[in-house]
Amino acid sequence: MSSAHLLLLLLPLLSLFLLLRPTSAILCHPEDKAVLLRIKSALNNPYLLASWNPDVDCCHWYCLKCHYKTHRVISLFFLASDLPGQIPSAIGDLTYLHDLTLHKLSNFSGPIPKSFTKLKYLNHLTLSWLNLTGPIPSFLGQLKNLTYLNLSFNKFTGGIPDFISTIPGLGYVGLDRNQLTGKIPASLANLKGNNLYLILSHNRLSGELPATFDGIDFGELDLSRNMLQGDASLLFGRSKSTQSIDISRNLFEFDLSNVEVNESLTWLDINHNKIYGSIPTAVAGLELQLLNVSYNRLCGEIPVGGKMQSFSYESYIHNRCLCGAPLDSCK
Ligand SMILES: *[C@@H]1O[C@H](CO)[C@@H](O)[C@H](O)[C@H]1NC(C)=O
Ligand SMILES: *[C@@H]1O[C@H](CO)[C@@H](O)[C@H](O)[C@H]1NC(C)=O
Ligand SMILES: *[C@@H]1O[C@H](CO)[C@@H](O)[C@H](O)[C@H]1NC(C)=O
Ligand SMILES: *[C@@H]1O[C@H](CO)[C@@H](O)[C@H](O)[C@H]1NC(C)=O
Ligand SMILES: *[C@@H]1O[C@H](CO)[C@@H](O)[C@H](O)[C@H]1NC(C)=O
Ligand SMILES: *[C@@H]1O[C@H](CO)[C@@H](O)[C@H](O)[C@H]1NC(C)=O
């Protein structure tokens, strides 16, 4: 066969290949491209967005992801960078976003633009380490598809907003490291996601826990470093599948003796409270990775067995009359 024949034979195959070749297609949606370029210009063409070159398909730009089929921009992430300026309101015009992460951007500031309410498909929202101030805006409650909300390491003030419990699938709520005040609202017990994560540590929350928390089964609960008081025994229960409870450095005051625990609990930190009574024997039956009951008002013998004696004395020190290994033996 001559090479001309071969070429004739291969030509249809070659053209088919060219047609289907994915890189030859323009993937970027023109509307998204226009919005992205507006964001870039609102931020004064920062170095972080140097790859956002109009001559290159925008689905190949850094700091974003397109959907594999629709090619709409579904993910935008600006991480740990020097990005002075304000959160561009044009971000709200990337209406197909599922995931938006703005994290640790020095000199980047708020407010959170109202235009974010247009992000109807948003599942994951992280706005962390941004020094955002003022109350957490209630319009975020319009983001009904959120499953994950992380607003940690900002300077939000005011109370925990009630809208949080109106987002039906919200399963992770991280409001830690802010300056939030007031009581934990009873409405938070309406959160319905399974394996709920509620992280409220390092704020200025006060008052007692809402009684509604009795009926709620958290996956992970971190209320540490607040000024919460009263009874926290309602967080525990034989049938609750909670894996992690951290209520350390608060003013909780309750009897630990009759608290019931479930075998799923692997992390228990209650240090620096005013908790009294004794450590229930059932705690020795848990597969604990961490136990810290130090700086409370506990008494009695540390239950023997399980992991109990593998923790250092620092997990138990500074109680009223706790005794037994790893502390001094009981008299
Ligand atoms: C937040 O503010 C503090 C001082 O108030 C500053 O040191 C820090 O760099 C700021 N962080 C960001 C991400 O702007
Ligand atoms: C950060 O912002 C402040 C106030 O807007 C400004 O004075 C300062 O120069 C900025 N710093 C940097 C590194 O951009
Ligand atoms: C919200 O999420 C559901 C399920 O993930 C999806 O079917 C729906 O299209 C999403 N978007 C809106 C606007 O509700
Ligand atoms: C939420 O954000 C904080 C800091 O920005 C981070 O430390 C934490 O891991 C985040 N939570 C999750 C579950 O990703
Ligand atoms: C622990 O909790 C799980 C989930 O609620 C439950 O199925 C299991 O029976 C509980 N264990 C005990 C000993 O009650
Ligand atoms: C328990 O908490 C105390 C007080 O914060 C701390 O000093 C100690 O190191 C902690 N122990 C462990 C094992 O984490």
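Whatever order the structure lists ligands and atoms in, that order sets their numbers, starting from 1.
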Counting from 1, what ligand 6 atoms have a heavy atom of [X] closer than 4.0 Å?
{"X": "Ser315", "result": "13 (C)"}
{"X": "Ser294", "result": "1 (C), 2 (O), 3 (C), 4 (C)"}
{"X": "Asn271", "result": "2 (O), 4 (C), 5 (O)"}
{"X": "His272", "result": "4 (C), 5 (O)"}

TODO: Over 60° means perpendicular and under 30° means parallel, so classify the ring planes of Phe218 and Phe213, tilted if in between.
DONE: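 It falls in the perpendicular class, over 60°.
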
TODO: Classify the angle between the aromatic ring planes of His124 and Tyr148 as parallel (below 30°), tilted (30 to 60°) or perpendicular (above 60°).
DONE: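 It falls in the parallel class, under 30°.
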
TODO: May I ask you to list the atoms of ligand 5 that are less than 4.0 angstrom from any heavy atom of Ser241?
DONE: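 Selected atoms, number and element: 4 (C).
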
Open item on the list: Out of all atoms in ligand 5, which are within 4.0 Å of some heavy atom of Glu263? Include the element for each.
Closed with: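 Going through ligand 5 atom by atom, the ones under 4.0 Å from Glu263 are 1 (C), 11 (N), 12 (C), 13 (C).
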
Open item on the list: Assess the residue pair His103 and Ser128 against the criterion (side-chain hydrogen bond (donor to acceptor under 3.5 Å, both in side chains)); give the C-alpha distance rounded to whole Å, side-chain angles, the decisive distance to 0.1 Å, and a yes or no.
Closed with: CA-CA 5 Å; His103 172 71; Ser128 57; 2.6 Å; yes

Task: Lys65 atom NZ, over 12 foreign heavy atoms within 6.0 Å - done: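 Open.
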
Open item on the list: Ser312 versus ligand 6: do any nitrogen or oxygen atoms come within less than 3.5 Å of each other?
Closed with: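 In fact, backbone or side chain, Ser312 has no N or O that close.
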
Open item on the list: Please report whether ligand 6 has a polar contact with Asn292, defined as an N or O pair separated by less than 3.5 Å (distance criterion only).
Closed with: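 Yes, there is a polar N/O contact under 3.5 Å.
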
Considering only the protein, which heavy-atom contact is closest to [atom], and what is its distance?
{"atom": "atom 7 (O) of ligand 6", "result": "Tyr295 CE1, 4.7 Å"}
{"atom": "atom 3 (C) of ligand 5", "result": "Asn262 ND2, 3.6 Å"}
{"atom": "atom 5 (O) of ligand 5", "result": "Ser239 O, 2.6 Å"}

Task: Heavy-atom protein contact below 4.0 Å for atom 9 (O) of ligand 5 - done: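 Within 4.0 Å of atom 9 (O) of ligand 5, no protein heavy atoms are found.
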
Open item on the list: Protein non-hydrogen atoms only, distance under 4.0 Å: does atom 14 (O) of ligand 6 have such a neighbour?
Closed with: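 Within 4.0 Å: yes, protein heavy atom nearby.
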
- [ ] Indicate yes or no: at least one non-hydrogen side-chain atom of Leu132 is less than 4.5 angstrom from one of Ile87.
- [x]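 Yes, side chains in contact.
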
TODO: Would you check if Ile164 and Leu175 make a side-chain contact, meaning some heavy-atom pair closer than 4.5 Å?
DONE: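 In contact.
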
TODO: Flag the pair Lys307 and Glu287 as a salt bridge only when some basic side-chain nitrogen lies within less than 4.0 angstrom of an acidic carboxylate oxygen.
DONE: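 Salt bridge: yes.
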
Open item on the list: Between Arg72 and Glu31, does any side-chain N to carboxylate O distance fall below 4.0 Å?
Closed with: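 The answer is yes: the pair qualifies as a salt bridge.
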
Open item on the list: Could you check whether any heavy atom of His318 sits closer than 4.0 Å to an atom of ligand 6, since that is the contact criterion I want to use?
Closed with: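 Heavy atoms of His318 never come under 4.0 Å of ligand 6.
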
- [ ] Ignoring hydrogens and angles, tell me if any N or O in the side chain of Asn150 forms a donor-acceptor pair with the backbone of Ser152 under 3.5 Å.
- [x]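 Such a contact is found between Asn150 side chain and Ser152 backbone.
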
